[in-house]
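Beneath this line is the structure, given in structure tokens, with notes to follow.
Quick caveat, the model's predicted, so the values are computed rather than measured. A, B, ... follow the sequence lines: proteins, then strands. Residue 1 opens every chain.
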Amino acid sequence: MEDHDGAYYAWKQAGLKDKILLHFDAHMDFNWIAPHADSLLQQKNFRQILNQIGKNPFWTARRESNEERVNLGNYIHEAIQTGIVREFIWVYPDSPAPEKQFQAVGRLLRALGSTFPDYFQAEQNVNGRFKGLIYEIPFQALPYSGISQLKFSESVLLDIDLDFLIVQSLDSKFYPFTDVRNPGFWLSPCEFHKNVSSLEILPEMVTLAYSVEEGYTPLTLKYLGKELAARLSGTFDSESDFPDEAATHFQFALLALEKGNHEKARLHYQKAIECDPSYRTAYNHPGPVLAELGFYEEADHSYAQMQLLDPGHPAYRLYEIKKLVDQKKWSEALLQCKDQVALGEICLIKVKCLMNLKRFQEAWRELANYKEGKDYLDDSYFHLKAKLAEKIGKAEEAIEAHYGLIQRWMGTASAHYSLSRLYFFKGNLYKAKRHLIKGLQVLFLAPVIRNFRRLGFS
Amino acid sequence: MIKIPFLTLVSSQMIYEKAPYVKWNIVEGNMVLVDTREMELLRFNEVASAVWDQMDGQRKIEEIVNHVAEQFEAPLPQIQKDVAAFVRKLLERELILEKNA
């Protein structure tokens, strides 16, 4: 499969229940999903409602079902909530600096737990092994070097992300990506397969995600997944399976580029996307990641190189626009946006530029063109909407946007203070007081409770 | 200008509708509500449940009062006072919204 949330649908389709999940991944793939309030209200009595409430901290009135809100970052949450998984074991990569790796995992788990301490607890035992509970089911996280300690008396769901072999350090400045300037693998499919086979695991089902399109595997290393899949299924033949045709052409294209033979490079690239259209992706080079990390010089080089292969790719124009935004060249960025198709990201960039040019009414009209639905963009959308609505005195819309942020786990103290202020001026003192208190709770009480818990108080 | 909600009068001619972010159902004979914006659970008594049930964006407060008075055989002035107080609380919590004509 390409995206890792495909694993959830495969388990569901197979009718699997109460399984141990053994998840090899550089990312935990567990994030919170708020269930529908409707399901809460279907309980037979009030006591059952209270029980249900105890099982989840957040409820939503959004139209999409829980499953429709599943993505590659949260599918394990849904697998736990629907009873597919009754024990969750996350195996993370080994790092040359193990202590730093353990600290990074600890930080990640604490961040998850601090949002909802009643539903997620995990403490470190020894050697990077964390044990705890998620929604009262056993959870553990351990490094790859510790898997020989695992003993199973039943079959398990073996779930692998190809980036496990590639993204080695969870403490790196590149994380959640790998070092995209020079991507490689720290563990070969052969070694991995050999080690996992020695565990005497009886897999009920094996799922393997390439995670190139929206994940963190560089396209240049996708061929590793083909090899691993062939090894896991027992059909590996070094002559015919390694590497596959699209991957071969893609590598040839890159080699030709390095040698300055652009025509040959383009020819191989076209052949690669003929074999597998997924090779024409915005992430077929490290440019976007380098830009996100602020390595603009290297990103420029990467973009220039890939533009030779695929001049019509929309990602390049977007990159140019984003660079102008980073340099605060609002008018120029706005001009570049003009003839762009109505992509969600372009729409939000236009709004940001217009706001900075103090053209608030225009920005508001532009914001109306945005269609919700892309999680990573929706957060920015609600932030911009809240800020803009306050600027132009649209109190109701600002309130709605702040609630939107809270519903998306972005309920910071400042969102509550803004709500408190907006309600005060609206004359609703009940809500003003309520959000002032909530803001203070988020700011002061949550860290205190967290520290008390860490010290062993409950 | 700051409006003071405590002085808001609930007119008998007003029409209110339930807020879109509120989910509700009858559980064990009582109306149970989830305010999904505030993550708040509320349980209404029998009279409040009857008022909530009638708040459909069509009926005026006057009609709701009459309906409740009939259903519970209580004196009209008492019901008027109780319904007005209840509606004010619902408005304050933004569980209902004023229906635009």
Salt bridge or not for [X] and [Y], using N-O below 4.0 Å?
{"X": "B:Arg93", "Y": "B:Glu38", "value": "no"}
{"X": "A:Arg69", "Y": "A:Glu78", "value": "no"}
{"X": "B:Arg37", "Y": "B:Glu94", "value": "yes"}

Query raised in the report: Is there side-chain contact between B:Leu90 and B:Met55, with heavy atoms separated by less than 4.5 Å?
Result: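 Result yes, sub-4.5 Å side-chain heavy-atom pair found.
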Query raised in the report: Heavy-atom distance under 4.5 Å to chain A: side chain of B:Ile26, backbone, both or neither?
Result: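 Neither; nothing under 4.5 Å.
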Report task. Please state whether the side chain, the backbone, both or neither of B:Asn30 comes within less than 4.5 Å of a heavy atom of chain A. Result ->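 Neither part, no heavy atoms under 4.5 Å.
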Query raised in the report: Where on A:Tyr403 is there a heavy atom nearer than 4.5 Å to chain B: the side chain, the backbone, both, or neither?
Result: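 Side chain only.
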